[in-house]
Amino acid sequence: MTQQTTVYLADYRPYSHPLDRVELTFRLAPQATRVVARLHFRPDPARSPGADLRLDGEGLRLIRLALDGTPLDCQPDDTGLTLPAALLPADPFVLETEVEIAPVGNTALEGLYMSNGMYCTQCEAEGFRKITYYPDRPDVMARFHVRIESDLPVLLSNGNPAGQGPGWAEWDDPWPKPAYLFALVAGELVALPDHFLTTSGREVALNIWVRAGDESRCAYAMDALKRSMRWDEQVYGREYDLDVFNIVAVDDFNMGAMENKGLNIFNSKLVLASPQTATDTDYERIEAVIAHEYFHNWTGNRITCRDWFQLCLKEGLTVFRDQQFSGDMRSHAVKRIEDVQALRARQFREDQGPLAHPVRPDSFVEINNFYTATVYEKGAEVIGMLKRLVGDAEYARALDLYFARHDGEAATIEDWLKVFEDATGRDLGQFKRWYTEAGTPRLTVQEEWKDGIYSLTLEQHLPPTPGQPVKAPKVIPVAVGLLNPNGDEVQPTTVLELTETRQSFRFEGLASRPVASILRGFSAPVVLDRAVSAAERAFLLAHDTDPFNRWEAGRALAKEVLADLAAGAPTVGPDWLEAMVRLVQDDSLDPAFRALALRLPGEDDMAATLAAAGKQPDPAALHTARRRMAAALAGALAPALPGLMEATQITGAFSPDAVQAGKRALHNACLGLLSLRDGGAAAEAAFAAATNMTDSLAALAALLEIGRGQPQLDAFEARWRGDRLVMDKWFMVQVLHAAPDQTARTVERLTARADFDWKNPNRFRSVIGALSANHAGFHYQDGASYRLLADWLLRLDPKNPQTAARMSTAFETWRRYDSGRQGLIRAELARILATSGLSRDLAEMATRMAG
Ligand code: BES
Ligand code: ZN
């Protein structure tokens with residue numbers, strides 16, 4: 001197996017040789033690109049007296065090495081180049097290297113690679129070392145000047161344009177940056193141009209660069225970009241700081257998008273959108289990701305991370321900011337529910353299993369494996385809690401201080417917390433545990449009503465996680481409101497601060513025993529363990545003034561119904577059905593909210609919930625139970641469905657805005673239910689009549705759910721076979737909605753097709769990712785899906801280890817299941833680990849999961 005060297009936070013040392021300025025020249029050629037680097041070092045004898053100079057470099061052919069013009073004879077090793085201290089001058093010096101690299105063979109999509117004839121780069125986290133010899137670490141910040149030589153018409157890099165001519169272009173970035181923010185793009189591209197005037201009057205040229213023909217699908221992304229720029233000025237007081245802002249869409253990309261300074265690179269699925277090709281969910285995601293990468297310009301680029309252990313400093317904060325933005329653009333209530341659903345599905349799942357790690361990990365083997373739901377989503381939750389604890393005004397003051405104090409620096413979580421302590425006078429020593437300890441706290445609740453006093457006793461339980469068996473109590477903000485029995489709010493939302501293991505809070509002056517709404521807005525990323533009667537849940541679902549908890553009451557009821565059915569209950573009881581019938585017809589409620597409330601709990605979510613409660617989930621039983629539950633809901637709603645579908649029918653032109661999207665979501669939820677009763681007639685008609693991708697795909701999914709839809713799949717394919725992004729949806733929908741005993745076979749059929757281009761991460765994810773997202777199909781008893789996944793991971797790993805490692809997390813939940821399934825999954829993990837030449841990425845993941 002590849003050597004697994006562990007890197008520890010505790011071993012951090014500043015870099016030995018300060019670097020001021022970098023000049024790079026690229027002579028682009030697919031097989032043999034030359035990169036000339038001139039690194040201007042400024043020795044600081046105080047910093048590391050007598051230290052050797054170590055540069056990172058991987059897969060580079062060293063052509064030339066010179067120090068202040070004099071050739072040097074140093075042999076690189078597998079991971080870099082060391083210049084002995086004895087060779088280094090005491091005065092500033094220039095180290096020049098020339099290397100050769102082959103972008104065309106780069107299937108890992110890290111460093112300089114080619115996608116559809118175009119050159120592009122991806123350097124975060126440690127990809128720059130595949131481009132040239134360099135101190136590839138985020139605390140080395142330098143000014144970059146870049147020259148690109150190529151006959152391709154569009155040549156882009158970071159910063160501002162600094163000249164161009166036939167066959168060349170130069171770029172100059174005035175802002176010091178770490179190498180991970182470097183980017184270069186060259187290709188036959190066309191732009192959607194626009195411009196933005198900053199509050200202080202700076203004119204910024206905006207461009208979204210795409211392949212010819214795709215310009216017409218860029219308008220929404222451009223609009224989202226301009227709204228993001230304005231929002232960051234208005235809400236965080238942050239202006240853009242260059243003359244140009246370029247976005248490029250590429251088809252082959254491991255992640256969603258990347259915030260390179262002044263030159264963001266995006267997975268094309270997160271830029272290109274038209275009503276015919278993109279769903280409402282795609283539009284919402286594009287808006288969020290455009291904002292996210294733009295917001296990094298301040299939270300990530302101007303202030304960056306000292307080392308990769310501090311990743312949440314930029315990612316958690318930037319996710320928090322993009323969530324705020326999306327809430328402002330759309331609906332805060334709906335956005336919060338969606339974010340919590342995603343947190344539970346991805347982060348709670350991670351926290352419950354062998355991959356659990358703190359928001360700030362203290363060791364890693366491969367940093368690419370730590371771009372996780374914990375770092376991102378829990379990292380964002382931690383910031384939300386901080387804001388809740390200090391209040392909005394203090395949060396704003398702290399952020400101002402953060403930007404003032406650390407602009408131009410590479411900072412740490414300690415720096416971040418110190419800013420909050422200095423701005424607010426609070427001691428955040430206990431709060432810091434949210435960053436250093438893994439695991440999802442569980443909160444239990446005891447209520448007492450006596451002599452007109454209502455008291456709430458909260459107790460926190462901190463589960464053991466890998467390497468962290470015992471933990472001290474955390475500070476947990478618990479937002480609580482009280483309702484009286486007729487549904488009026490008698491205690492508006494107040495934030496209780498739980499700081500001890502067990503603590504009581506008293507509410508006086510109440511006329512009658514109240515109904516408590518606890519953890520409003522999901523005020524902390526915890527599991528609330530509370531036995532509540534179905535009647536009380538139905539009451540909260542009907543009356544809570546907090547929209548999140550209203551939804552949560554419905555969700556909890558639904559989960560109880562599903563658990564009972566899976567455990568053998570003969571029918572669905574009336575509480576949940578009656579509540580749904582009322583809710584769905586309540587026109588005072590946002591259609592988007594109603595659509596979310598109608599969505600049944602996912603099978604994986606349910607399996608996690610059962611496992612956390614000490615029960616063993618049976619995937620097949622859960623699947624059957626969920627189908628029965630959907631049928632019961634469809635039955636109860638049957639009289640209401642035609643009217644609702646009529647009321648949510650959109651007349652007039654398509655708009656991707658939240659209002660129309662919400663109506664479509666409710667309309668299509670109704671369509672899905674109706675098709676359980678009408679044999680698919682309505683869905684067939686809807687598919688035929690659809691004029692946008694949201695409606696087409698919803699109708700197709702509804703048909704596949706009831707075992708129909710082949711003619712529609714064929715029609716879809718005939719129309720869209722030339723469109724990669726739309727065909728990804730075609731692949732995915734078939735796997736997601738395959739019956740459990742057909743899932744592996746469906747994947748085998750699809751992966752045998754000529755257009756299953758598995759080296760393209762989007763296409764791979766659309767089939768192999770969907771395989772593990774189909775819970776009952778993935779966990780089908782014969783283990784065929786487990787084998788299939790492992791086969792594909794092993795096939796992808798030598799080409800693209802990052803994506804292979806990411807997809808392997810499908811196996812992280814094995815401990816939840818029966819011994820038969822456990823054995824099957826462990827056998828696949830063992831088979832992976834026994835494979836020779838495994839990447840460091842996949843080896844680390846399989847080792848941790850098997851452990
Ligand atoms: N900096 C990341 C992109 C990245 C991640 C590069 C991992 C290299 C390795 C970027 O800002 C990011 O977080 N992108 C997310 C989307 C975002 C909206 C959470 C992504 O790519 O999924
Ligand atoms: Zn990010």
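As the structure lists them, so they are numbered: ligands from 1, and atoms in each ligand from 1.
Outside the 6.0 Å centre-distance limit, the rings of Tyr294 and Phe196 are not counted as a close aromatic pair.
The shortest N/O to N/O separation between Glu259 and ligand 1 falls below 3.5 Å. Distances between N or O atoms of Gly256 and those of ligand 1 include at least one value under 3.5 Å. Considering both main-chain and side-chain atoms, Asp322 never comes within under 3.5 Å of ligand 1 through any nitrogen or oxygen pair.
Applying the 4.0 Å criterion to heavy atoms of Gln122 picks out, from ligand 1, the atoms 6 (C), 8 (C). Contact atoms of ligand 1 toward Tyr376: 2 (C), 5 (C), 12 (C), 13 (O), 19 (C) (distance under 4.0 Å to a heavy atom of the residue). Under a 4.0 Å criterion applied to the non-hydrogen atoms of Lys314, ligand 1 contributes the atoms 1 (N). The Met258 neighbourhood of ligand 1 comprises atoms 1 (N), 3 (C), 6 (C), with distances under 4.0 Å to a heavy atom of that residue. Each of the following atoms of ligand 1 lies closer than 4.0 Å to a heavy atom of Val289: 18 (C). Which parts of ligand 1 touch His296 is read off a 4.0 Å heavy-atom cut-off, strictly below it: atoms 11 (O).
At least one heavy atom of Ala257 sits under 4.0 Å from some atom of ligand 1.
For Trp298 (side chain) and Glu239 (main-chain N/O), a donor-acceptor pair under 3.5 Å exists by modelled atom type.
In this comparison of Glu110, Met255, Glu293, Arg285, the heavy atom closest to atom 12 (C) of ligand 1 sits on Glu293.
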